[in-house]
> 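My structure is below; once you've seen it, I'll send some questions.
Just so it is clear: chains get the letters A, B, ... in the order the sequence lines come, proteins before strands, and each one is counted from 1. Heavy-atom basis, side chains included; hydrogens, waters and symmetry copies ignored.
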Protein chains: 2
Amino acid sequence: MVTKTAQKPAAPRRDRARTERTILDAVARLILRDGLSGVGINALAREAGIDKVLIYRYFGDLDGVYRAYAEHGDFWWSVDDIIGTEKAASLAGALKSGFRRHAAEMRKRPVTLAVIGAETANRTPLVIALEEVRERRALELMDAVFARYGAPAHVDLPALTAILGAAIDYLAARARQIRVYGGVEIKTDKDWERLFTTVDAMIDGAFSTAGKPAQRKRKP
Amino acid sequence: MVTKTAQKPAAPRRDRARTERTILDAVARLILRDGLSGVGINALAREAGIDKVLIYRYFGDLDGVYRAYAEHGDFWWSVDDIIGTEKAASLAGALKSGFRRHAAEMRKRPVTLAVIGAETANRTPLVIALEEVRERRALELMDAVFARYGAPAHVDLPALTAILGAAIDYLAARARQIRVYGGVEIKTDKDWERLFTTVDAMIDGAFSTAGKPAQRKRKP
DNA sequence: GGTTTTTGTCACCATGTGGTGACATATAGG
DNA sequence: CCTATATGTCACCACATGGTGACAAAAACC
């Protein structure tokens, strides 16, 4: 736990809290520049401009650094930011604005995007924290939606949110490195608005088509 | 270029083609076990049980190894495998079966999944090759679809395939390490059939809802 | 004031990495 | 058969990595 001393004694040369912040800032910079796999003890100490033995002393471990960084507020966002307080006209409408907000929050956080992109390769506490927050968010979202709008008629809501959420997370993470995915631009806000137009259509469609059997294929 | 000698002279101790195959096999094993970032010259030579200088001599470089491996047939699949030869009853039907086939081909290839999962972190020729094949496939898919079914009415087909393709790729890659995503299981064939049921609904819906303005929101 | 703890600096270790040169010998060419 | 090339083995280099112990000085404590 970081003991945040409220007093600021000018410019103290020996300040643990200060160097801890320096280290965590360097973590963010390093993740952005070299990716999550580029964060090592030596590289981190070099980037922070401090001796690596301090990292061991204060955080014990690289995982300890990750854990400390994960508690930093700007790494993720609250569920309320996504769900919102005002009630939408319909469940479909709530989903549509929810996905938009989710994407916006993600695209604001390059470090988080970098971690998502590296989650398959590096299984650090940062990655685990992100996975946990995702699962927790999914559960809370389902609860909130059911409470406000009731269970949807014939729509598999968890599957739908998983698919669209996966697409958004993946595309947002990839957008840091590639300009186009499957022939579709994914860089600018305009590009994303195009994507969300299609997402809207899919959501609307899934809810409207659900009742009527557009395909009379059940079980062969 | 690998000179594949058709003759098999018993068990030759000095056979370049043979050791090249040994190296490429070791690449696959190493990617599966330690991920794409685990492939280094030393580790590769150790895994293959040969001297690392041979890797330099035969492939020049790690990237050369990747390039050679990318040409190996089983790393990806042809566009025809996805599009199929028989004409579906509708464009929506063709898309639905196309996505299913795509997912099936992906889930058959753990090495490809591992590369996809690492594509954000490591930008090796393998990753670039995958990206190229994806873009090329997207283009060919659009051409083939337009030629057979004509341009869809009011559906942004590139955006739709990009979104669903991204979701499938990402979930397939993640399934190698996590069991559940957003509260939805993504391991077994049954899990994927559930996902595809929702994908079907979204596709059907996007095509049926496209014409009628379910939301009278155009530009505020 | 003097003592103890904390913060920071430095040197060092074993190990792993990418990369190169020298050498032996098996194979192929004449 | 003799020679030249191809294949494989070995030793070595500089450097980076994760990790530890020893030590100086600044703060905090009494």
> Could you tell me the separation between the CG atom of A/D51 and the P atom of D/dT20, rounded to a whole number of Å?
14 Å

> How many whole angstroms separate atom CG of B/L44 from atom C1' of C/dG16?
15 Å

> Closer than 4.0 Å, any side-chain N/O of B/N42 to the OP1 or OP2 of C/dG16?
no

> Is the distance between the ring centroids of B/F99 and B/F196 less than 6.0 Å?
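No, too far apart.
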
> For a quick test of reading the model: is some side-chain N or O of A/Y56 closer than 4.0 Å to OP1 or OP2 of D/dG18?
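No, A/Y56 has no side-chain N/O under 4.0 Å of OP1/OP2 on D/dG18.
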
> Specify the separation, in whole Å, of atom CG of B/L62 and atom C1' of C/dG18.
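Computing the B/L62:CG to C/dG18:C1' distance gives 9 Å.
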
> Closest-nucleotide mapping onto DNA chain D: is A/R57 or A/G40 further toward the 5' terminus? I mean the 5' end.
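Closest to the 5' end, via its nearest nucleotide, is A/G40.
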
> Should B/L130 and B/V133 count as side-chain neighbours, where that means a heavy-atom distance under 4.5 Å?
yes

> Write down the distance between CG (A/D15) and C1' (C/dG8), rounded to a whole number of angstrom.
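Taking atom C1' of C/dG8 as the reference, CG of A/D15 is at 13 Å.
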
> Is there a side-chain polar atom (N or O) of B/T19 under 4.0 Å from OP1 or OP2 of D/dG8?
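Checking B/T19 against D/dG8: at least one side-chain N or O falls below 4.0 Å of OP1 or OP2.
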
> Nearest-Å distance, NZ (B/K52) to C1' (D/dT9)?
13 Å

> Indicate whether OP1 or OP2 belonging to D/dA16 is found under 4.0 Å from a side-chain N or O atom of A/R46.
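No, outside the criterion.
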
> For DNA chain C, what are the stems built from at least three Watson-Crick or G-U pairs in a row, each pair having both distances below 3.5 Å?
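Stem list for DNA chain C: C:1-6 with D:25-30, C:8-26 with D:5-23.
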
> Whole-Å distance between D/dA28 C1' and A/R16 CZ?
15 Å

> For B/D191 and B/T188, test the side chains for any donor-to-acceptor distance below 3.5 angstrom and give the result as yes or no.
yes

> Nearest to the side chain of A/V53, which nucleotide is it out of C/dC10, C/dG21, D/dT17?
C/dC10

> Output the rounded distance in Å from CD1 (A/I55) to C1' (C/dC10).
16 Å

> Do A/T197 and A/D200 have a side chain donor and acceptor closer than 3.5 Å?
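On atom types as modelled, these side chains do not qualify, holding no pair under 3.5 Å.
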
> Students often get this wrong, so: under 4.0 angstrom with heavy atoms, is B/I41 touching a base, only sugar-phosphate, or nothing?
sugar-phosphate

> State, to 0.1 Å, how close B/A166 and A/Y181 come at their nearest heavy-atom pair, and which atoms those are.
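Where B/A166 meets A/Y181 most closely, the heavy atoms are CA-OH, 3.4 Å.
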
> Could you tell me if the side chain of B/L24 sits less than 4.5 Å from the side chain of B/E20, heavy atoms only?
no

> Can you tell me if the side-chain N/O atoms of A/R14 get under 4.0 Å from OP1 or OP2 in D/dA27?
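It does not, given that no N or O in the side chain of A/R14 lies less than 4.0 Å from OP1 or OP2 of D/dA27.
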
> Would you kindly give the CD1-to-C1' distance between A/I50 and C/dC10, to the nearest whole Å?
14 Å

> Is there a side-chain polar atom (N or O) of B/Y58 under 4.0 Å from OP1 or OP2 of D/dG8?
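For D/dG8, OP1 or OP2 has a side-chain N or O of B/Y58 closer than 4.0 Å.
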
> Report yes if the side chains of A/Q177 and B/E131 come closer than 4.5 Å at any heavy-atom pair, otherwise no.
no

